[in-house]
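These notes are about the structure you will find just below.
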Amino acid sequence: MKNILVLLAASILMSCSAQSLDLSQIDFNRPAGQYLDKLNISAVEQQKGHFEILKNGDKVRLELKDNGEVCTIYTLREAGDAAQIRFSGFSLEPDAGGRIISYKDKIAFYNCHPDRTRTFEVLSKLKEMLGKPDEIVTDTLSLNDGTAPLLSKKLPATDFKIFKDEFGEYITCPRHYIWKKGDMIYQYTFIRGSKTIANDLVAMNIQAFKDRIIFGFHNPAQDPVLSKYVK
């Protein structure tokens, strides 16, 4: 009986393992179904077309125009969706949402929010995986800002600078870390709160970005952070 229970527990563990995906392990050249078919995501929809910005006088609207583009969007809306996803072993914030998009039978985009209590550990893992960032986009904060001490204590000394002028003391610190690796762009963003630094992690195929299929990244030429990577 004991052996049966052990085998049953092992079977359950294997089943659970089969229903999870670690985003850091994705090979973007492999078929998307290899990673996504095993998941049970609550919101899956097909999108046909690319986004176009249309202007009519002072009115601006966003529409999909179908030139044959087809992608599938997996939206992490529920806690059970996020529970199936990890990034390099780090769990995701259960209610923060996220998306995975397949395009041309490959994973072309994901957006997730790893555990905010591990934000700086995730940054270290990204540097380990991807090397030195191609770009760090910075902000300047007053040292009186509640999150300034968190940043100065948790970041490597090379990633921030403290200075003072006649108006006070300030910290120049990262807002976005950006890597370009082959056909992919990675963007890791700090989301400052009153007591914690949350995060936003994006991995995006450059051609999918250019093809304007990804809502939120649908105007690559004017993207305030990433436009230089599509020129």
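Given the structure is predicted, the values throughout are model-derived calculations rather than measurements. Heavy atoms only: backbone and side chains are in, while hydrogens, waters and symmetry mates are out.
- Within a 6.0 Å sphere centred on CG of D183, other residues, nucleotides and ligands contribute 12 heavy atoms or fewer.
- Judged by distance alone, the side chain of Y35 and the main-chain N or O of D27 form a donor-acceptor pair under 3.5 Å.
- Between Q46 and I73 there is no side-chain heavy-atom pair separated by less than 4.5 Å.
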K104 and N205: CA distance, side-chain angles, deciding distance, side-chain contact (heavy atoms from CB on, under 4.5 Å) verdict: CA-CA 11 Å; K104 297 183 178 180; N205 177 270; over 6 Å; no
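- Remark: R212 does not engage E69 in a salt bridge, criterion side-chain N to carboxylate O under 4.0 Å.
- Remark: D145 does not engage R192 in a salt bridge, criterion side-chain N to carboxylate O under 4.0 Å.
- Using a 4.5 Å cut-off between side-chain heavy atoms of Ile, Leu, Val, Met, Phe, Trp and Tyr, with links allowed through other members, V137 and V230 fall into the same hydrophobic cluster.
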Apply the test ring-ring contact (aromatic ring centres under 6.0 Å, His included) to residues Y229 and F209: give CA-CA distance (whole Å), side-chain angles for both, the deciding distance (0.1 Å), then the verdict. CA-CA 10 Å; Y229 296 96; F209 188 26; 8.9 Å; no
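- Judged purely by atom type and a 3.5 angstrom limit, S152 uses its side chain to pair as donor or acceptor with the backbone of P149.
- Heavy atoms only, all atoms of each residue included: N40 and Q19 are closest at N-OE1, 4.4 Å.
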What do the steps show when you test I100 against L21 for side-chain contact (heavy atoms from CB on, under 4.5 Å), and what is the final call? CA-CA 11 Å; I100 305 172; L21 171 63; 4.3 Å; yes
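- Follow the hydrophobic side-chain contacts under 4.5 Å out from I107 and you reach V44 in the same cluster.
- The shortest heavy-atom contact between I171 and L151 is CD1-CB, 4.4 Å.
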Just do the side-chain contact (heavy atoms from CB on, under 4.5 Å) check on H113 and L92 with the steps written out, would you? CA-CA 6 Å; H113 305 273; L92 304 190; 5.9 Å; no
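- Contact check for R86 versus L23: no side-chain heavy atoms found under the 4.5 Å cut-off.
- Within a 6.0 Å sphere centred on CZ of R175, other residues, nucleotides and ligands contribute more than 12 heavy atoms.
- Hydrophobic clustering, with ILVMFWY side chains joined whenever heavy atoms are under 4.5 angstrom apart, keeps I185 apart from I26.
- Proximity of L201 to N111: side-chain heavy atoms (C-beta onward) are nowhere separated by under 4.5 Å.
- Note on F217: it does not cluster hydrophobically with M184, by side-chain heavy-atom contacts below 4.5 Å among ILVMFWY residues.
- With a 4.5 Å cut-off on side-chain heavy atoms, S24 and M129 count as touching.
- Between K106 atom NZ and Q34 atom CD the span is 10.5 Å, to the nearest 0.5 Å.
- Contact of the L54 side chain with the V60 side chain is not registered, since no non-hydrogen atoms from C-beta on lie closer than 4.5 Å.
- No side-chain heavy atom of K164 sits under 4.5 Å from any side-chain heavy atom of Y170.
- L226 CG to E135 CD: the interatomic distance, rounded to the nearest 0.5 Å, is 8.0 Å.
- Note that CG of L150 and OG1 of T147 are 6.5 Å apart. Values are rounded to the nearest 0.5 Å.
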Quick one, F215 with F51, criterion ring-ring contact (aromatic ring centres under 6.0 Å, His included). Give me CA distance, side-chain angles, the key distance, then yes/no. CA-CA 7 Å; F215 182 75; F51 290 100; 5.7 Å; yes
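- When hydrophobic clusters are built by joining Ile, Leu, Val, Met, Phe, Trp and Tyr residues whose side-chain heavy atoms come closer than 4.5 Å, directly or via intermediates, F160 is grouped together with Y188.
- Put simply, the side chain of W179 never gets that close to the backbone of Q187: no donor and acceptor are under 3.5 Å apart.
- Judged by distance alone, with hydrogens and angles left aside, the side-chain atoms of H176 form no donor-acceptor pair with the main-chain N or O of V225 at under 3.5 Å.
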Walk me through whether Y177 and Y186 qualify under side-chain contact (heavy atoms from CB on, under 4.5 Å). CA-CA 8 Å; Y177 290 85; Y186 295 81; over 6 Å; no
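- Of all non-hydrogen atoms in Q84 and I41, the two that sit nearest each other are NE2-CD1, 4.0 Å.
- Although no hydrogens or angles enter the test, the distance criterion places a donor-acceptor pair under 3.5 Å between the side chain of S142 and the main chain of N144.
- Remark: E63 does not engage K65 in a salt bridge, criterion side-chain N to carboxylate O under 4.0 Å.
- Panel note: side chain K181, backbone L130; a donor-acceptor pair is recorded below 3.5 Å.
- Rounding to the nearest 0.5 Å places CD1 of I191 at 9.5 Å from CD of E93.
- Relative orientation of the F87 and Y110 rings is tilted, given thresholds of 30° and 60° on the angle between their planes.
- Separation of atoms CD1 (I213) and CG (L64) is listed at 10.5 Å; rounding is to 0.5 Å.
- Note that CD of E45 and OG1 of T75 are 5.5 Å apart. Values are rounded to the nearest 0.5 Å.
- No side-chain donor-acceptor contact under 3.5 Å links N56 to the backbone of K59.
- L36 and Y74 get closest at one heavy-atom pair: CD1-CE1, 3.4 Å.
- The two residues P174 and L155 make their nearest non-hydrogen contact at CD-CD1, 3.6 Å.
- A distance-only check finds a donor-acceptor pair linking the side chain of D22 to the backbone of S88 [under 3.5 Å].
- Taking a 6.0 Å sphere around CZ of F163, one finds it holds more than 12 heavy atoms contributed by other residues, nucleotides or ligands.
- Side-chain atoms of D81 come within 3.5 Å of backbone N or O of E78 as a donor-acceptor pair.
- Summarising the geometry of D134 relative to K180, their closest heavy-atom pair is OD2-N, 2.8 Å, with the distance given to 0.1 Å.
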What side-chain donor-acceptor pairs closer than 3.5 Å can you find for residues 116-123, not counting sequence neighbours?
{"from": "T117", "atom 1": "OG1", "to": "D115", "atom 2": "OD1", "distance (Å)": "2.9"}
{"from": "T117", "atom 1": "OG1", "to": "D115", "atom 2": "OD2", "distance (Å)": "3.0"}
{"from": "R118", "atom 1": "NE", "to": "E121", "atom 2": "OE1", "distance (Å)": "3.1"}
{"from": "R118", "atom 1": "NE", "to": "E121", "atom 2": "OE2", "distance (Å)": "2.7"}
{"from": "R118", "atom 1": "NH2", "to": "E121", "atom 2": "OE1", "distance (Å)": "3.0"}
{"from": "T119", "atom 1": "OG1", "to": "R116", "atom 2": "O", "distance (Å)": "3.1"}
{"from": "T119", "atom 1": "OG1", "to": "I197", "atom 2": "O", "distance (Å)": "2.6"}
{"from": "T119", "atom 1": "OG1", "to": "N199", "atom 2": "ND2", "distance (Å)": "2.8"}

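- Side-chain contact between S20 and I85 is absent, with no heavy atoms from C-beta onward closer than 4.5 Å.
- Counting heavy atoms from C-beta outward, H218 and L62 have side chains that approach closer than 4.5 Å.
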